[in-house]
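The structure appears below as structure tokens.
Here is how names work: the chains are called A, B, and so on, in the same order as the sequence lines, proteins then strands, and each is numbered from 1. Fair warning: this is a prediction, and the values are worked out from it, not measured in the lab. No hydrogens, no waters, no symmetry mates; every other heavy atom, side chains included, goes into these values.
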Amino acid sequence: MNEELRQLLRAARPSGQDEQDPAVASARADAAEDAVLTAALEEERRTDAAFARALQSTTPPPDLESRLRAALRAAQLPANPPADMEQRVLSAVRTAVPATSRPAAFSRRRWMLWSSAAAAALAAGGVFWWRRSRPLSLESLTEELAEISHDGVTLSLMSRDKSATAAWMKDNGAPQAAALPAALDALGRKGCHLYTVAGHPVSLECFMLAGGAVLHLFCTGVEELSDPPAAGAPPRVFTAHGHTAATWTHGPRTLILLSHEPPETIQSLLA
Amino acid sequence: MSPPKPPPAAPVAPPPPWPLPPEEFAAWVESTILQHYRQLYVFALSLAGNEADAADLTQQTAVILATKGHDIREPQAVKSWLYTSLHREFLLLRRRGFRMVPHEPEAACFTDADPLPATQERALDARTAVAALQHVGEPHCSVLSLYYLEDLSYREIADVLEVPVGTVMSRLSRAKDALRQLLNPSPA
């Protein structure tokens, strides 16, 4: 039997899924004439089946499914509100009030209907605008970010290159601090992403410690918060929402660092 | 000796009308990922060598489907598309100098200084299998992983790895020999 046919038979899956492939079936018929070859292929098939069973018994981490669901939800949400929101609201108001063909005398009923529709439409848009424009408290933002960190972050850019993550964040309008504490800045990167949290842009940059542990550094503008940490004050390290958290403000940016490392480790990185 | 009987063919649902409206697309993406993520994770683990990077690669592949799945021309071939996307993402990271560090201690158990007698077989479990694939390295690792997952035919593996079918067959043949030598080294 020539080498190509032998390789074809070795490429057939051990559980038999390829036996109906005409090329495999034809090669199998040729091999049947060679008892030594047939025995060797059968021996290899048994070994392959055992290895396949072992590999296929690998189980993913128990939280992977929930991480994937969260990532898919985040990937399919619009990052920013549509620019034509005002037009949409007005259009909704107009369509709520049907046009009439005859000159309309003043009608109290029609006026009530019109103003109710307008109020409802504007309320829907207004809630959105209110939420978007109202600054968040540092505590509520930290809580939301802890949930993101726990569920599994999304990285739009996966890269170990510090300049690549900086360039991506700049190109995508992601808030960045002008400078980071030296020890933190010296860590290897893993990637970055831009979230919208309650209507506020928040960037994420992932760092890796030597042992493989991951740190999540979130950054937003001080204007997005009702109570940002005082500029120039040292980072505050504390435990919250199942994480070790650190918050500080540098210039116009507030940073929130989340990890599962001990507070002493985080303190040493931010010193 | 007669070849193994092929398993009964799984019922194939008719492909959805394509492209899907947005409200159905999201549900299709989620159901597709939930159907395939376990196998994708194992493939990612064999490439990356550690659970954290494997989970990230799997998640990244899911996000790619959510954001670019509209571009798929044949939705019934989405399985191959997913493996291809994951493999490309892995190669991209490697080109960016993203060195995947195996964290599994068993990765260090296959050394030339630690040969087993030919009559003794290593107990095969999931961790040993993944460690063995990591140890044989590329280009053997990816073709072996796809082969032993048994999720794709040799033709589909060629599509995923973006090489000719003949290359897959010859590469697989050499890879199996390397794996066999690793697991059951010949006596000196």
Check: Where does A:Leu8 contact chain B at under 4.5 Å (heavy atoms): side chain, backbone, both or neither?
Finding: both

Check: Considering all heavy atoms of both residues, which atom of A:Phe51 and which atom of B:Ala129 are nearest to each other, and what is their separation?
Finding: CZ-O, 3.6 Å

Next item on the list: Step through the shown structure and confirm whether more than 12 heavy atoms of other residues, nucleotides or ligands are within 6.0 Å of CD on B:Glu162.
Entry: yes

Notebook entry, point to check: Taking all atoms of both residues into account, what is the closest heavy-atom pair of B:Tyr147 and A:Ala11, and its distance?
Noted result: CE1-O, 3.4 Å

Check: In Å and rounded to the nearest 0.5 Å, what is the CG to CG distance from A:Leu55 to B:Leu133?
Finding: 6.0 Å

Next item on the list: Decide salt bridge (charged side-chain N to carboxylate O under 4.0 Å, His left out) for B:Arg180 and A:Asp48; before the verdict, give the C-alpha distance in whole Å, the side-chain angles of both, and the deciding distance to 0.1 Å.
Entry: CA-CA 10 Å; B:Arg180 175 180 295 191; A:Asp48 285 343; over 6 Å; no

Notebook entry, point to check: When rounded to the nearest 0.5 angstrom, what is the spacing between CG in B:Leu124 and OG in A:Ser57?
Noted result: 9.5 Å

Next item on the list: Please look at A:Arg53 and chain B and tell me whether the side chain, the backbone, both or neither of the residue comes under 4.5 angstrom of a heavy atom of that chain.
Entry: neither

Item checked: Separation of B:Lys176 NZ from A:Arg10 CZ (nearest 0.5 Å) -> 5.5 Å

Checklist line | Interatomic distance, B:Phe90 atom CZ to A:Met158 atom CE [nearest 0.5 angstrom] | finding: 11.0 Å

Item checked: Partner chain A: residue of B:Leu179, B:Val168, B:Leu65 with the largest heavy-atom pair count (under 4.5 Å) -> B:Leu179

Notebook entry, point to check: In terms of heavy-atom pairs under 4.5 Å, which option from B:Leu34, B:Val165, B:Leu172 contacts chain A the most?
Noted result: B:Leu34

Notebook entry, point to check: Do the non-hydrogen side-chain atoms of B:Thr58 and A:Arg67 ever get within less than 4.5 Å of each other?
Noted result: no

Note to self: I'd like to verify something: which residue of A:Pro61, A:Ala164, A:Ala23 has the highest number of heavy-atom pairs under 4.5 Å with chain B?
What the structure shows: A:Pro61

Check: If you draw a 6.0 Å radius around CD in A:Glu147, do more than 12 non-hydrogen atoms from other residues or ligands fall strictly inside?
Finding: no

Next item on the list: Would you mind reporting whether A:Leu72 and B:Val63 have side-chain heavy atoms less than 4.5 Å apart?
Entry: no

Margin query: Quick check for you: among A:Leu68, A:Thr59, A:Asp63, which has the greatest number of heavy-atom pairs under 4.5 Å with chain B?
Written below: A:Leu68

Check: What distance separates B:Arg171 CZ from A:Gln7 CD, expressed to the nearest 0.5 Å?
Finding: 12.5 Å

Notebook entry, point to check: What part of A:Val214 gets closer than 4.5 Å to chain B, counting heavy atoms only: side chain, backbone, both or neither?
Noted result: neither

Margin query: side-chain contact (heavy atoms from CB on, under 4.5 Å) for B:Glu150 and A:Asp18? Distances and angles first, verdict last.
Written below: CA-CA 10 Å; B:Glu150 295 191 285; A:Asp18 297 314; over 6 Å; no

Check: Which pair of heavy atoms, one from B:Ser173 and one from A:Glu3, lies closest together, and at what distance?
Finding: OG-OE2, 4.5 Å

Notebook entry, point to check: Can you name the closest pair of heavy atoms from B:Tyr148 and A:Ala52 and give their distance?
Noted result: O-CB, 3.4 Å

Notebook entry, point to check: Which distance, rounded to the nearest 0.5 Å, do you find between the OG of B:Ser153 and the CZ of A:Arg13?
Noted result: 5.5 Å

Item checked: Proximity breakdown for B:Leu152 and chain A, heavy-atom pairs closer than 4.5 Å -> backbone

Note to self: Is B:Asp56 close to chain A through its backbone or its side chain, or both, or neither, when contacts mean heavy atoms under 4.5 Å?
What the structure shows: both

Check: For the residue pair B:Leu149 and A:Gln56, what are the closest heavy atoms and their distance?
Finding: O-NE2, 3.3 Å

Check: Relative to chain B, which of A:Asp21, A:Thr47, A:Val24 shows the most heavy atom pairs under 4.5 Å?
Finding: A:Asp21

Checklist line | Portion of A:Ala70 that has a non-hydrogen atom of chain B nearer than 4.5 angstrom | finding: neither

Next item on the list: Measure distances from B:Gln59 to the heavy atoms of chain A and classify the residue's part below 4.5 Å as side chain, backbone, both or neither.
Entry: both

